[in-house]
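None of the values given here were measured: they were computed from a predicted structure. Only heavy atoms go into these numbers, but all of them, side chains included; no hydrogens, no water, no symmetry mates.
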Amino acid sequence: MTPTNDLAAPTPGATRAPDRPATTGSPAPTESPAPWIRRAAPGLAFCAVATLVAYLLAQVVPLSPLVLSLLVGAVVGSLLGSLRRAGGVSAAVGQGNGVARRAAALTSRTQEGTRWTATRVLRAGVVLLGLQLSLPEVLALGWRGLAVVGITVAVTFSATLALGRALRVPRVTSLLVATGFSICGAAAISAMQGVVGSGDDEESRREADDAVATALALVTIFGSLAIFVLPWLAGLLGLADDRAGLWIGASVQEVAQVVTAGGAVSAAALATATVSKLARVVLLAPLVAGAGVLRARRERVARPADVEVAAGTPAASVTRRTPPVPLFVVGFLVAVLVRSTGVLPASVIEVTTMVTTLLFTAAMFAMGLGVDAAHLVRTGRRALVLGTASATVVIGTSLVAVLLLT
């Protein structure tokens, strides 16, 4: 506000769409709802139970249900991944492993529902998120506050991409980390992942899952640290409440983390932090749309001409085109415009806010299932350096902008 290894069985928290056809030369066959519901029911029930547990736990633990759900999903996903790896080793030496077989069976039974939750449910949450954004409220920050937000987002996004290239972090991972740190954490990561996609082959899908899992883990770690560090630094620096709130809103990743950190300073700081954070969220749509346009352009340039000649058919029939602006981003913008008109009563906004939280909580658990902590520790050291650098950039840039412009 805002998931890895496919060993014995596909990982349940994958963010790739479950309805991706194996080939793009012919349309995917249609399927009646009943068989799909039977396949997806175990995974949907798994996510629903986890959502309820995280939501209730958030009432007694000072963490948002989104963070709790993501952490629980990461623990479960890492445990299942470890068990499947152990089962693979046991099979290689001719020994049975009943626990590993059960872990693989659970993964296989729930993957359809968890993949659907990690994609479709999360995108529905992104659309409803737009109903929490009112353009008049955002404009009330004034040009100075908006300048702080704009400068922070632009510098953080571009600097993270540049640092990712310097550290030789995979391009998709750098893009997702840059989006998550500069905009709004998990929701921004998932929105951008919907644009960059995951490819049609198994290797590309695994790389995409690793990128999402890494980015989600980084925004969770550094956003959680910011809850405690930024209020303390604001007091140490002697920042007034409005400046402290603007700094927190312009630099912390998740909305829930911003609310927690801003509330730790004062009610006035919380109000400013929330509005400045929402101003960052508004920039999600143009950022994702821009990435979609660039990807569509790259696909047109990279489309192999020899395929057209060999097949004797237009390239459009053998290569699936990625829409420049995903429909859920359009829905997000429409929701922002509806909220900005002021026609929705407060009761409707309150209900949609709760529904949005529940949708994101379910999606975070599903995405967390794609996190394999042991795999990240082995392969994610450069990404961890990138996350540390990106967190430093977003905090430092926003602080300098606040001090110079307000």
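Of the possible donor and acceptor atoms, none in the side chain of Arg109 sits under 3.5 Å from a partner among the backbone N and O of Pro42. Within the 3.5 Å criterion, the main-chain N or O of Ala273 finds a donor-acceptor partner in the side chain of Ser276. No donor-acceptor distance shorter than 3.5 angstrom exists from the side chain of Lys277 to the backbone of Ser251, with no hydrogens or angles considered. Formation of a donor-acceptor pair under 3.5 Å by the Arg39 side chain with backbone atoms of Glu112 is not found in this model. With hydrogens and angles ignored, the 3.5 Å screen pairs no side-chain donor or acceptor of Thr272 with any backbone N or O of Ala269.
Applying the side-chain contact (heavy atoms from CB on, under 4.5 Å) rule to Ala268 yields the partners Asp241, Ser266; only residues at least two apart in sequence or on another chain are considered. With sequence neighbours left out, Leu128 forms a side-chain contact (heavy atoms from CB on, under 4.5 Å) with Leu131, Val355, Thr356, Leu359. Qualifying side-chain hydrogen bond (donor to acceptor under 3.5 Å, both in side chains) partners for Thr392, counting only residues two or more places apart in sequence or in other chains: none. Looking at residues two or more places apart in sequence or on another chain, you find a side-chain contact (heavy atoms from CB on, under 4.5 Å) between Ala363 and Leu122. Val229 meets the side-chain contact (heavy atoms from CB on, under 4.5 Å) test with Leu233; sequence neighbours excluded. Residues forming a salt bridge (Lys or Arg N to Asp or Glu O under 4.0 Å) with Arg339 (at least two apart in sequence, or on another chain): Glu137.
For the pair Thr388 and Phe222, the minimum side-chain heavy-atom distance is below 4.5 Å. At a threshold of 4.5 Å between non-hydrogen side-chain atoms, the residues Ile349 and Gln132 do not count as touching. The side-chain heavy atoms of Leu246 and Thr406, taken from C-beta on, include a pair separated by under 4.5 Å. Looking at Val72 and Ser69, their side chains never come closer than 4.5 Å, going by heavy atoms from C-beta outward.
Distance check, rounded to the nearest 0.5 Å: CG of Leu176 to OG1 of Thr214 gives 9.0 Å. In this structure, Leu287 CG and Ser182 OG are separated by 6.0 Å, a value rounded to the nearest 0.5 Å. Taken to the nearest 0.5 Å, the CE atom of Met192 stands 8.0 Å off from the CD1 atom of Ile183. In this structure, Leu44 CG and Thr114 OG1 are separated by 8.5 Å, a value rounded to the nearest 0.5 Å. Summarising the geometry, atom CG belonging to Leu369 is positioned 7.0 Å from atom OG1 belonging to Thr110; distances are rounded to the nearest 0.5 Å.
Closest approach of Leu141 and Ala279 over heavy atoms only: CD1-CB, 4.0 Å. Taking each heavy atom of Ala226 and Ala261 in turn, the nearest pair found is O-CB, 4.4 Å. Counting all heavy atoms, side chain and backbone alike, Gly249 lies closest to Val258 at CA-CG1, 4.1 Å. Across all their heavy atoms, Gln253 and Phe181 have their closest contact at NE2-CD2, 3.2 Å.
Sequence neighbours left out, not one pair with a member in residues 46-71 passes salt bridge (charged side-chain N to carboxylate O under 4.0 Å, His left out). The side chain to side chain donor-acceptor pair (under 3.5 Å) analysis of residues 341-350, with sequence neighbours excluded, yields no pairs.
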What donor-acceptor contacts under 3.5 angstrom involve side-chain atoms of residues 393-402, with partners at least two apart or in another chain?
| residue | atom | partner | partner atom | Å |
| --- | --- | --- | --- | --- |
| Thr397 | OG1 | Val393 | O | 2.7 |
| Ser398 | OG | Trp247 | NE1 | 3.2 |
| Ser398 | OG | Val394 | O | 2.7 |
| Ser398 | OG | Ile395 | O | 3.0 |

Side-chain donor-acceptor pairs of residues 49-62 under 3.5 Å, sequence neighbours excluded:
| residue | atom | partner | partner atom | Å |
| --- | --- | --- | --- | --- |
| Thr51 | OG1 | Cys47 | O | 2.7 |
| Thr51 | OG1 | Ala362 | N | 3.4 |
| Gln59 | NE2 | Tyr55 | O | 2.9 |

If you look only at distance, which donor and acceptor atoms sit under 3.5 Å apart when one is on a side chain in residues 145-172 and the other is two or more places apart or in another chain?
| residue | atom | partner | partner atom | Å |
| --- | --- | --- | --- | --- |
| Thr152 | OG1 | Val148 | O | 2.7 |
| Thr156 | OG1 | Thr152 | O | 2.7 |
| Ser158 | OG | Ala154 | O | 2.8 |
| Ser158 | OG | Val155 | O | 3.3 |
| Thr160 | OG1 | Thr156 | O | 2.7 |
| Thr160 | OG1 | Ser390 | OG | 2.9 |

CA sep, side-chain torsions, deciding dist, call: Val281, Leu133, side chain to side chain contact (heavy atoms under 4.5 Å, CB included): CA-CA 8 Å; Val281 177; Leu133 306 178; 3.7 Å; yes

Side chain to side chain contact (heavy atoms under 4.5 Å, CB included) assessment of Val288 paired with Phe332: CA-CA 11 Å; Val288 171; Phe332 169 83; over 6 Å; no

